[in-house]
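Reviewing the structure listed below.
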Amino acid sequence: MLLAWYPEHARDLPWRHTRDPYRIWISEVMLQQTRVATVIERYTRFTEKFPSLLSLALARQEDVLALWSGLGYYKRARLLHDAARLVVAEHGGSLPQTAAELRKLPGVGAYTAPAIASIAYGEPIAVVDGNVERVLTRLQALDADGQRPTAGTLQARADELLDPESPGIFNQAMMELGATICLPRTPLCTVCPVYVYCRTRGEHTPRPRTQIVSRQASYLLWRRPFRGQTSRVAVLLVKRPESAALMPGMWELPELPEPPEQQPILRVRHAITTSNYYVSVFAGDGQIGITTPSGTERKWFPERKLTEIPLTGLARKILMRLDVMAKPREVRRGKALPGGEDQPPA
DNA sequence: GAGTCGTGGTC
DNA sequence: TGACCAAGACT
């Protein structure tokens, strides 16, 4: 029933048009904790720039991170790059073909290994992601005792249900069901293809979350002509230390310890995992001193270089809102965005 | 096993 | 507006 439902209702996604294990791998890593809609555009750009595992392995880490900028969880990009080099060095450039072997690659965990193995190589092994967990928990009332089922229980139940003839399709169908029908808040039980088998019909206790705290931050946007050319503008950026726990080695605007006595040119809210940052951006002109920790690299970047360096998501957001940085080309419907929409208030 | 790591969309 | 949360991995 699920296998019959899937072809009719599956979304048309770029990575469903390929059987290239490398591309499946890229898509799975990008999709980790990241929405499909966000990944689509990034996947396309990434695979255009790095069309093969070898091209990725040969790339500089900075160029990989630049393409990842804004996607979040930058450790994924580093581990992906490390894994690509490892595959070239130790596996002759071809991905391992079993979940057990794939699992040994950095960044390939309990979900991603079976996902690649089943989708790209047809190994009969079930995936358990957030969707599958929710679907199974509801379908079989696995939290009837008030406890969330363990990973082992979920994997066992999923493997029991798996169709060994079409493991890749089955796995994607389970995830698709969770993503489009068996939704977290309001499951669409009336159109669910497995409604008659469902023990709960949507009852489900969500997992507890860690609390969000609010913080404030001020940043400086300092622009000046680039190499004396009045037609080109450069922006001052600082590089986060390689030792930083958060976003190491990525470029951002200089942060101000205190908000200066002037009106900000932009206010934005930016959520970073467990913190909500209320950010003010001030125009710099050399009057506002910036004190960066010793050893921190500072550099003036011309506008056109900004797309080529690993910026933090917040820096990208600020530079795009203030029209310093061009927005990435709009793909959908071929409708070019008129520049300069979403202007900040004066 | 719980904390941590980013971000943008949605309601 | 603010809380929720997405095809998780790692420590």
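Values below: every heavy atom of this structure, side chains too, minus hydrogens, waters and symmetry copies. Each chain gets a letter, A, B and so on, in the order its sequence line appears, and its residues count up from 1.
Donor-acceptor pairing under 3.5 Å, judged by distance alone, is absent between the side chain of A/R76 and the base of B/dC5.
Remark: A/L65 CG to A/M247 CE distance equals 12.0 Å, nearest 0.5 Å. Separating the OH atom in A/Y195 from the CG atom in A/L188 is a distance of 13.0 Å, to the nearest 0.5 Å.
In this structure, A/Y111 atom OH and C/dA6 atom P are separated by 13 Å, rounded to whole Å. At whole-Å resolution of the value, CZ in A/R42 and C1' in B/dG6 are 12 Å apart. Distance A/E252 CD to B/dT7 C1': 15 Å, rounded to the nearest Å. Rounded to whole Å, atom P of B/dT7 lies 11 Å from atom CD1 of A/I318. Rounded to an integer number of Å, the gap from CH2 of A/W68 to P of C/dG8 is 13 Å. In this structure, CG of A/L183 is placed 10 Å from P of C/dA7, rounded to the nearest angstrom. Rounding to whole angstrom units, CZ of residue A/R35 and C1' of B/dG6 are separated by 13 Å. To the nearest angstrom, P of C/dC4 lies 11 Å from CG of A/N276.
Ring-plane geometry between A/Y22 and A/W25 is classed as perpendicular, the angle between the planes exceeding 60 degrees on a 0 to 90 degree scale with a lower cut at 30.
Side-chain nitrogen and oxygen atoms of A/H270 include none within less than 4.0 Å of the OP1 or OP2 phosphate oxygen of B/dG6. Within the 4.0 Å cut-off from OP1 or OP2 of B/dG8, at least one side-chain nitrogen or oxygen of A/K317 is found.
Residue A/L71 is classed as a base contact, given a heavy-atom separation below 4.0 Å to a base. If you check every strand for non-hydrogen atoms under 4.0 Å, A/R78 touches nothing. Heavy atoms of A/A115 sit nowhere under 4.0 angstrom from any nucleic acid atom.
Looking at the side chain of A/R134, the nearest of the listed nucleotides C/dA9, C/dA6, B/dT7 is C/dA6. Nearest nucleotide to the A/Y278 side chain, out of C/dG2, B/dG9, C/dA7: C/dG2. Here the nucleotide nearest the side chain of A/T34, chosen from C/dG2, B/dG6, C/dC10, is B/dG6. Closest to the A/Y73 side chain, of the nucleotides B/dC5, C/dA7, B/dT7, is B/dC5. Candidate nucleotides C/dC5, C/dA3, C/dA7 were compared by shortest atom distance to the side chain of A/L13, and C/dA7 ranks first. Here the side chain of A/L31 is nearest to one of B/dG8, B/dT7, C/dA7, namely C/dA7. Minimum atom distance to the side chain of A/D129 is reached by C/dG8, of the listed C/dC10, C/dG8, B/dG8. Distance from the side chain of A/M247 is smallest to B/dG6 among C/dA9, C/dA7, B/dG6. Listed candidates were C/dG8, C/dC10, B/dG8. Nearest to the side chain of A/Q32 is C/dG8.
The 5' end of DNA chain C is approached more closely, in terms of each residue's nearest nucleotide, by A/R185 than by the other of A/R185 and A/T112. Where A/R269 and A/L246 meet DNA chain B, the nucleotide closest to each residue was compared, and A/L246 sits on the side nearer the 5' end. The 5' end of DNA chain C is approached more closely, in terms of each residue's nearest nucleotide, by A/E28 than by the other of A/E28 and A/V108.
Looking at every heavy atom in both residues, A/P114 comes nearest to A/V127 through C-CG1, 3.6 Å.
Put simply, the side chain of A/Y121 does not reach to within 4.5 Å of the side chain of A/T98, judged on heavy atoms.
Within the 3.5 Å criterion, the main-chain N or O of A/C182 finds a donor-acceptor partner in the side chain of A/R134.
Side-chain N/O atoms of A/R215 and A/S275 include a donor and acceptor closer than 3.5 Å. For A/R76 and A/T34, the side-chain atoms include at least one donor-acceptor pair closer than 3.5 Å.
Residues of residues 14-24 of chain A that place a heavy atom closer than 4.0 Å to DNA chain C, in numerical order, are A/W15, A/R16.
Look at the C1' atom in both B/dG8 and C/dC10: the space between them is 24 Å, to the nearest Å. B/dG3 and C/dA7 are spaced 23 Å apart, taking the P atom of each and rounding to whole Å.
The pair A/R148-A/E133 meets the salt-bridge criterion, since a charged nitrogen lies less than 4.0 angstrom from a carboxylate oxygen.
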